[in-house]
Peer 1: 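Below is one structure. I have some questions about it.
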Amino acid sequence: MDSEDDMLDAHDMESGDDDYYSGGTDDYNDSDGDEPDFGYDEADVDDSAMIASLRSQVNYVVLKEEDIRRHQKDDIGRVSMVLSISQVEAIILLLHYHWSVSKVHDEWFADEERVRRTVGILEGPVVTAPDDGELACGICFESFLSEELESVACGHPFCPTCWTGYISTTINDGPGCLMLRCPEPSCDAAVGQDMFEKLASQEDKEKYYRYFLRSYVEDNRKMKWCPSPGCEHAIDLSAGTGSYDVSCLCSHSFCWNCTEEAHRPVDCDTVAQWIRKNSAESENMNWILANSKPCPKCKRPIEKNHGCMHMTCTPPCKYEFCWLCLNAWTEHGERTGGFYACNRYEAAKQEGLYDEAEKRREMAKNSLERYTHYYERWASNQTSRKKAIEELQKMRSEKLEKLSDIYRTPESQLKFITEAWLQIIECRRVLKWTYAYGYYLPDHDKRQFFEYLQGEAESGLERLHKCVEKELEVFEVAECPSEDFNQFRTKLIGLTRITKTYFENLVKALENGLADVDSQAASSKSTTNAKSPVKAKGGGKGKGGSKNGGSSRNQDDK
């Protein structure tokens, strides 16, 4: 039988030091230069590069599959060495305590006997098999020589065929196979990884080790899989950091906390509400309330699809009524102003006789219009961001080389153009989510301040976007004087810097909960209170000293 080290090494993927992103906590900030290593080529055009290039700090590490396996092996070896147990037993402990090495150590040294009993690591067999002779398998009850049977630490004997079937069934049932116990119903002895390696089929082994690998991430509180479909990278987030936005090597940028797309500076609760609202049936109900009325007879909602007010409900109801007042159409004769000129609704409106249903429809209509306002701008910035990503791809693959040839300038000196596009992409993402933030912002004073900051940032972004999208076209078509291109360079760098400042201020304000409004209001209140005693004193003096102070007040009272 293979040794424990060989058993683990057989399923480790080959990886060199150059591809190792996170060998341990000491490697988190390890890089050759001053700039952090994001783990992707500069030529790769994706959301991770775009966002990460604009971040001053990296508070996370992207782990490839070989990195995860290396972390697993290190933890297993550490537990095995400290507790003086086999690696198979260390694996059983780590799986039970969700791969928390510190938790394993604490529990083991607090009460080793209890831990062994809980996780199923027995110090000796509970059933002693004879050295020779025949024994019956506990599942199929066939007789076998004792050396032909297999058992875990408890000693309950089962034939290899039954073991293989038992293991295969549990593996195909899902990740529960990682916590497998002895087939004997009354026995809690754990089935170690060595039994899977020895008795499982190759196909079942691959499934088992896939569950084993995934458990390391899914049971770890500071690790998560990238939610992008098909991606097998994990993100290890450093503890005590404020931002949850991370960028995977697969191009996907997302929030580590809620696994939705990156949404800084908007909090996860607001994003969750907004996403639910965009997909919920409540918006359909709002549309129904705003654009339809219930049939007075059967109460089914009816949409008005013709110009006249004469409505006929769908079969089998077929009730005819007036769209304006919802009364029976038979009551609408000449005495009421004509079949197509019902004046009852207008009269009721003038008298303030709105019924509750009409009020609800008005409220629903206003709510729908408000939601549409924010959603259109949220979606428009999303679309603009996607187009900007496409433009950056085109710029890097085609246009930079062309500009370099036209103006005989190295591509490295045209970096200011790609930096402008990166800034636009990041700003479109931020601006998009500020509209979700604004939709749920109830405070009127804060809303005014928020809309001011948002407007300033959006105005700067539009100037930058127009400059890099429209004004650059002139220089792409034909060679212009070098002075003109240098002026464009200066203008674009300036706009990029200004736009970045606008958005930094916006992000900072939103992350602080627009606290400047509260502080300004408190300052204004304290100033008013400070002046109040002076006014009171002056008023008191006027009351006692003024000749007409008291009489004028009495005259007003009269």
Side-chain angles (χ1 to χ4, degrees), residues 35 38 40-56 247 251 253 261-262 264 376-435 453-507:
E35 293 296 323
F38 295 97
Y40 48 78
D41 295 332
E42 185 178 353
D44 293 337
V45 180
D46 52 50
D47 284 289
S48 62
M50 297 164 192
I51 293 177
S53 65
L54 298 172
R55 299 289 159 81
S56 58
S247 302
S251 308
S253 180
E261 67 171 73
R264 184 174 181 254
E376 284 180 346
R377 285 152 181 78
W378 180 86
S380 294
N381 279 286
Q382 171 75 344
T383 302
S384 295
R385 183 172 182 270
K386 289 181 178 179
K387 290 182 179 178
I389 292 173
E390 294 173 1
E391 286 297 323
L392 179 58
Q393 291 175 335
K394 199 177 297 183
M395 177 62 64
R396 281 177 162 166
S397 61
E398 303 172 11
K399 295 182 180 180
L400 279 183
E401 184 179 357
K402 184 178 179 182
L403 285 169
S404 177
D405 292 339
I406 292 175
Y407 295 98
R408 294 174 291 280
T409 303
E411 289 189 26
S412 59
Q413 295 184 17
L414 299 176
K415 192 178 179 181
F416 69 96
I417 300 175
T418 57
E419 288 177 348
W421 277 116
L422 287 169
Q423 188 66 54
I424 289 169
I425 291 164
E426 174 70 355
C427 290
R428 288 294 178 193
R429 183 195 65 79
V430 172
L431 189 60
K432 178 184 78 168
W433 285 112
T434 61
Y435 279 103
L453 291 176
Q454 186 190 48
E456 289 292 304
E458 191 164 14
S459 176
L461 175 57
E462 292 302 330
R463 288 195 298 268
L464 173 62
H465 206 152
K466 180 181 178 182
C467 180
V468 74
E469 191 173 54
K470 300 295 183 183
E471 297 181 25
L472 183 60
E473 291 179 352
V474 178
F475 301 98
E476 294 173 353
V477 175
E479 184 174 0
C480 298
S482 299
E483 294 79 9
D484 293 349
F485 188 72
N486 289 334
Q487 289 178 0
F488 170 77
R489 179 202 303 268
T490 303
K491 179 180 179 180
L492 187 58
I493 292 174
L495 286 175
T496 303
R497 187 180 298 115
I498 291 170
T499 304
K500 181 180 180 181
T501 302
Y502 277 137
F503 275 84
E504 284 177 348
N505 293 336
L506 177 61
V507 168

Peer 1: Suppose the criterion is side-chain hydrogen bond (donor to acceptor under 3.5 Å, both in side chains): which pairs have a residue in residues 454-463, not counting sequence neighbours?
Peer 2: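 Output for this query lists Arg428-Glu462, Thr434-Gln454, Tyr435-Glu458, Ser459-Arg463.
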
Peer 1: Can you sort out the partners of Thr501 under side-chain contact (heavy atoms from CB on, under 4.5 Å), two or more places apart, ordered by chain and number?
Peer 2: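 For Thr501, the residues satisfying side-chain contact (heavy atoms from CB on, under 4.5 Å) (neighbours in sequence not counted) are Asn505.
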
Peer 1: Considering all heavy atoms of both residues, which atom of Ile424 and which atom of Ala388 are nearest to each other, and what is their separation?
Peer 2: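 Closest approach of Ile424 to Ala388: CG2-CB, 4.1 Å.
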
Peer 1: In Å and rounded to the nearest 0.5 Å, what is the CG to CZ distance from Leu464 to Phe503?
Peer 2: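 The CZ atom of Phe503 is 9.5 Å from CG of Leu464, to the nearest 0.5 Å.
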
Peer 1: Donor-acceptor pair, Thr499 side chain versus Thr496 backbone, under 3.5 Å?
Peer 2: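 Absent.
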
Peer 1: For residues 466-473, tabulate all N or O donor-acceptor pairs below 3.5 Å that involve a side-chain atom, not counting sequence neighbours.
Peer 2:
unit_1	atom_1	unit_2	atom_2	d
Glu471	OE1	Lys491	NZ	3.0
Glu471	OE2	Lys491	NZ	2.9

Peer 1: Judged by atom type as modelled, is there a donor-acceptor pair below 3.5 Å linking the side chain of Trp421 to the main-chain atoms of Gln393?
Peer 2: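 It does not hold such a pair.
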
Peer 1: Output the distance between atom CD (Gln423) and atom CZ (Arg497), rounded to the nearest 0.5 Å.
Peer 2: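 Result: 11.0 Å between the selected atoms.
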
Peer 1: Which value, rounded to the nearest 0.5 Å, describes the distance between Ile425 atom CD1 and Leu392 atom CG?
Peer 2: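 That separation rounds to 4.5 Å.
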
Peer 1: CZ/Phe416 to CG/Leu492 distance, rounded to the nearest 0.5 angstrom?
Peer 2: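 Separation between the atoms: 6.0 Å.
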
Peer 1: Is there a side-chain contact (heavy atoms from CB on, under 4.5 Å) between Lys387 and Glu391? Walk through the geometry before answering.
Peer 2: CA-CA 6 Å; Lys387 290 182 179 178; Glu391 286 297 323; 5.6 Å; no

Peer 1: Tell me which pairs pass ring-ring contact (aromatic ring centres under 6.0 Å, His included) where either residue lies in residues 382-401, with sequence neighbours left out.
Peer 2: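 Passing the test, one end in residues 382-401: no pairs.
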
Peer 1: So do Glu504 and Val507 actually touch side chain to side chain, heavy atoms under 4.5 Å?
Peer 2: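 Not touching, per the 4.5 Å side-chain cut-off.
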
Peer 1: Tell me every residue that passes ring pair (Phe, Tyr, Trp, His ring centres under 6.0 Å) with Phe488, counting only those two or more places apart in sequence or in another chain.
Peer 2: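 Ring pair (Phe, Tyr, Trp, His ring centres under 6.0 Å) list for Phe488, sorted by chain: Phe475.
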
Peer 1: Got a donor-acceptor contact below 3.5 angstrom from the Thr409 side chain to the Ser404 backbone?
Peer 2: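 Side chain of Thr409 to backbone of Ser404, a donor-acceptor pair under 3.5 Å: no, none is there.
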
Peer 1: Under the rule for salt bridge (Lys or Arg N to Asp or Glu O under 4.0 Å), what residues qualify as partners of Lys432, not counting sequence neighbours?
Peer 2: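 Result, salt bridge (Lys or Arg N to Asp or Glu O under 4.0 Å) vs Lys432: Glu261.
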
Peer 1: Nearest 0.5 Å, please: how far is NZ in Lys402 from CG in Leu414?
Peer 2: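 It comes to 13.5 Å.
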
Peer 1: Given side-chain contact (heavy atoms from CB on, under 4.5 Å), test Asn486 with Glu483 step by step and report yes or no.
Peer 2: CA-CA 5 Å; Asn486 289 334; Glu483 294 79 9; 5.6 Å; no

Peer 1: What distance separates Glu426 CD from Arg264 CZ, expressed to the nearest 0.5 Å?
Peer 2: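 Rounded to the nearest 0.5 Å, the CD-CZ separation comes out at 8.0 Å.
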
